[in-house]
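Step one of this worksheet: look at the structure below.
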Amino acid sequence: MKLLNRDEARKLDTLAMNTYGLPEAVLMENAGASVVALTEGDVSWKDARVVILCGSGNNGGDGFVTARYASLAEADVVVFLMGDESHMSDASRMYYQVCEKMVIPVRKIKKAEEAQPFLDDADIIVDALIGTGLRQGVSGEKADLIDRANASRAVRIAVDIPSGLICDSGQAEGAVIHADYTVTMGTLKRAHILYPGNEYCGSVKVSPIGIPGGAADEFPAEWVTAADVKPLIPVRTRISHKGSNGYLGIIAGSQGMAGAGLLAAQGALYAGAGKISLFTPQSPAEELTGLLPEIMVRPASTYGEFRGEDVEDVLSGTDACDVLAIGPGLGRKQETQDFVCQVLEESEGPIIVDADALYAVAAKKFPLRSCGGQLILTPHVGEFARLTGKSATEIEQHRIDMAASYARENQVILVLKGAPTVTAAPDGRIAVNSTGNPGMASGGMGDTLTGIIAALCGQGLDVWESAVLGVYLHGLAGDIQAERHTVGFTASDVARTVPTARERLLGAD
Ligand SMILES: NC(=O)C1=CN([C@@H]2O[C@H](COP(=O)(O)OP(=O)(O)OC[C@H]3O[C@@H](n4cnc5c(N)ncnc54)[C@H](O)[C@@H]3O)[C@@H](O)[C@H]2O)[C@@H](O)CC1
Ligand SMILES: [K+]
């Protein structure tokens, strides 16, 4: 499902009006009607005392329509209008007047306290104060009204987006409605899925409001669900053999950090890789041999860590590989950074660049565009901060846009891990992942993801598909683990659960 920012949401409405000739009032009618229709069953409108808070923008227009449908559902409705009436659109004003003609009480208020007795008694509060039109945090009387609505024992239903949330960033800069339900119009908005925005939304319901499905096709960001990634799962034929399922080379590990490469290998193995070689320095190689009998451990440096002089040896080994993954546990020594940059420069196949390899890219200001092979970078926020020179806070507030511009500028697939993980392509595609949970915030999870993505790439998916499906499967495996224990499962547990996740995805509608 498409995921829109503020300007795109406005553009979608304009497209619906201009391209399909749908009048604004029709969209508003459908929006208000769906607020009642989509929540019927979750709440009971009949005989409920309903307070509808309207602003003077089009979100308020949706609120006036909702008032009519709530009244038709036999609710006892009162509307409070806070805002400058002279700013109302024609459609909003029309529905305001319809309320008056239906003798639904509409009280214009300047002070929030005027609504207090009604908020105290309400069963349902509909929040139609401000929608996607908000640019900065709410303060003053509107903020007071929001706080009072939040203090009420009533069920709160937000129209389109909880009032006070910033649509593009999901930030709560001032007062914000804490909704139990949000009925959003057309398609999802960023604030519904970004943190902390999604915590204010409650259960989100999407109403198409009559806009034809194809109208949103031009917008780049997709909220990735099972239906999107299920068709990407590699199909295995009867005559499949290990050679047809990808030979992966994992370049990982250093003295004292042997496990990272093993976790990447586990991720790859359980995601169906045909054959895996783990290229690692001598001492981790000795520790690892035999721990995962299905993989080949290839000692490829006599030092405790990779150095520039090991490049030739490693590349002669990885020559036969279809896909490379580089980074987990490599360490951050200068010599290792040189090694990483040379490997990136000289390799041709797709390469997943993770962990300490990302450190090397950032430290050496390595020109990613000069690389021969297609790259998938998988930074978490800290690593992305190093790559971009931006603060973690700034990245968290703009994770979608920053991932997208980094991918475009550097011509790489960028997987910005976190909540939610955002995958961006050089051509502008953006996939925002819907799986995963906080129990996955533990050491080694990223290493397994790297292995999973590499394995999918080896099974014939292109770099974009591998990243999008890999992120989804990894998160789903974590979600399956979290069904038993919300915290305390390990990266190895997640790797071992990938086959179950794959099967669950295959069985999804
Ligand atoms: N054709 C359309 O444009 C449609 C729009 N729809 C609704 O319209 C909404 C967008 O409407 P608008 O663009 O008119 O904008 P909004 O109604 O979201 O917001 C504008 C209102 O918020 C107030 N406001 C803005 N920033 C504020 C701040 N920082 N503090 C206090 N008040 C503030 C303004 O004074 C104005 O009254 C959507 O969220 C959706 O609910 C739907 O009716 C579907 C059709
Ligand atoms: K709202």
Side-chain angles (χ1 to χ4, degrees), residues 4-35 52-66 69 80-96 108 110 112 125-147 149-150 156-168 171-192 197 200-202 204 206-211 215:
L4 306 188
N5 65 22
R6 176 181 184 277
D7 291 345
E8 290 166 344
R10 178 160 298 179
K11 195 167 174 201
L12 180 63
D13 289 334
T14 312
L15 267 172
M17 291 187 265
N18 296 347
T19 310
Y20 298 100
L22 288 164
E24 185 166 66
V26 169
L27 299 176
M28 201 173 271
E29 173 75 16
N30 292 343
S34 66
V35 172
I52 303 199
L53 306 176
C54 291
S56 56
N58 276 355
N59 194 245
D62 295 352
F64 292 124
V65 178
T66 306
Y69 280 92
F80 289 95
L81 167 61
M82 186 181 268
D84 187 344
E85 260 179 86
S86 65
H87 292 163
M88 273 190 189
S89 66
D90 291 344
S92 283
R93 181 166 291 107
M94 179 181 84
Y95 288 122
Y96 167 38
K108 295 177 210 164
K110 290 215 160 27
I125 296 172
V126 175
D127 156 42
L129 264 184
I130 315 170
T132 52
L134 183 77
R135 281 179 186 278
Q136 62 195 45
V138 181
S139 56
E141 285 301 318
K142 275 190 189 150
D144 191 11
L145 189 56
I146 288 170
D147 289 340
N150 282 338
R156 284 175 291 275
I157 301 172
V159 177
D160 208 15
I161 175 174
S163 294
L165 263 192
I166 309 289
C167 181
D168 290 10
Q171 296 300 300
E173 290 174 5
V176 178
I177 286 284
H178 264 275
D180 298 293
Y181 302 94
T182 295
V183 178
T184 192
M185 310 311 161
T187 186
L188 286 171
K189 317 293 169 348
R190 288 185 184 184
H192 297 134
Y200 289 89
C201 294
V204 179
V206 180
S207 167
I209 63 166
I211 301 177

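We count ligands from 1, going down the list as the structure has it; atoms in each ligand are counted the same way.
- With hydrogens and angles ignored, the 3.5 Å screen pairs no side-chain donor or acceptor of Asp168 with any backbone N or O of Arg190.
- The existence of a salt bridge linking Arg156 and Asp127 is excluded, since no basic side-chain nitrogen approaches an acidic carboxylate oxygen closer than 4.0 Å.
- Residues passing the side chain to side chain donor-acceptor pair (under 3.5 Å) test with Glu85, sequence neighbours excluded: Lys108.
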message: Determine whether Ile161 and Thr184 satisfy the following criterion, side-chain contact (heavy atoms from CB on, under 4.5 Å), listing intermediate values before the conclusion.
response: CA-CA 6 Å; Ile161 175 174; Thr184 192; 5.9 Å; no
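- With rounding to the nearest 0.5 Å, the separation of CG in Leu145 from CD1 in Ile177 is 7.0 Å.
- Among pairs with a residue in residues 9-27, those fulfilling side-chain hydrogen bond (donor to acceptor under 3.5 Å, both in side chains) read Lys11-Glu218, Glu24-Asn58, at least two apart in sequence or across chains.
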Please tabulate protein-ligand N/O pairs under 3.5 Å for ligand 1, atom names and distances to 0.1 Å.
unit_1   : atom_1 : unit_2 : atom_2 : d
ligand 1 : 1 (N)  : Glu24  : OE2    : 3.3
ligand 1 : 3 (O)  : Asp13  : OD2    : 3.2
ligand 1 : 8 (O)  : Asn59  : N      : 3.3
ligand 1 : 13 (O) : Arg10  : NH2    : 2.9
ligand 1 : 14 (O) : Asn58  : N      : 2.9
ligand 1 : 17 (O) : Asn58  : N      : 3.2
ligand 1 : 17 (O) : Asn59  : N      : 3.0
ligand 1 : 18 (O) : Gly131 : N      : 2.6
ligand 1 : 18 (O) : Thr132 : N      : 3.3
ligand 1 : 18 (O) : Gly133 : N      : 2.9
ligand 1 : 29 (N) : Gln136 : O      : 2.9
ligand 1 : 32 (N) : Lys142 : NZ     : 3.0
ligand 1 : 37 (O) : Ser56  : OG     : 2.8
ligand 1 : 37 (O) : Gly57  : N      : 3.3
ligand 1 : 39 (O) : Thr132 : N      : 3.0
ligand 1 : 39 (O) : Thr132 : OG1    : 3.3
ligand 1 : 39 (O) : Asp160 : OD2    : 2.5
ligand 1 : 41 (O) : Asn59  : ND2    : 2.8
ligand 1 : 41 (O) : Asp62  : OD2    : 2.7
ligand 1 : 43 (O) : Asp62  : OD1    : 2.3
ligand 1 : 43 (O) : Asp62  : OD2    : 3.3

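- Within the 3.5 Å criterion, the main-chain N or O of Ala149 finds no donor-acceptor partner in the side chain of His178.
- Within a radius of less than 3.4 Å around the K ion (ligand 2), the protein N, O or S atoms are Asn59 OD1, Asp127 O, Asp127 OD2, Ile130 O, Val159 O, Ile161 O, Ser163 OG.
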- request: Starting from the C-alpha separation in whole Å, work towards a yes-or-no answer on side-chain contact (heavy atoms from CB on, under 4.5 Å) for Glu29 and Tyr69.
  value: CA-CA 10 Å; Glu29 173 75 16; Tyr69 280 92; 2.5 Å; yes
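- Separation of atoms CG (Leu129) and CG (Leu81) is listed at 9.0 Å; rounding is to 0.5 Å.
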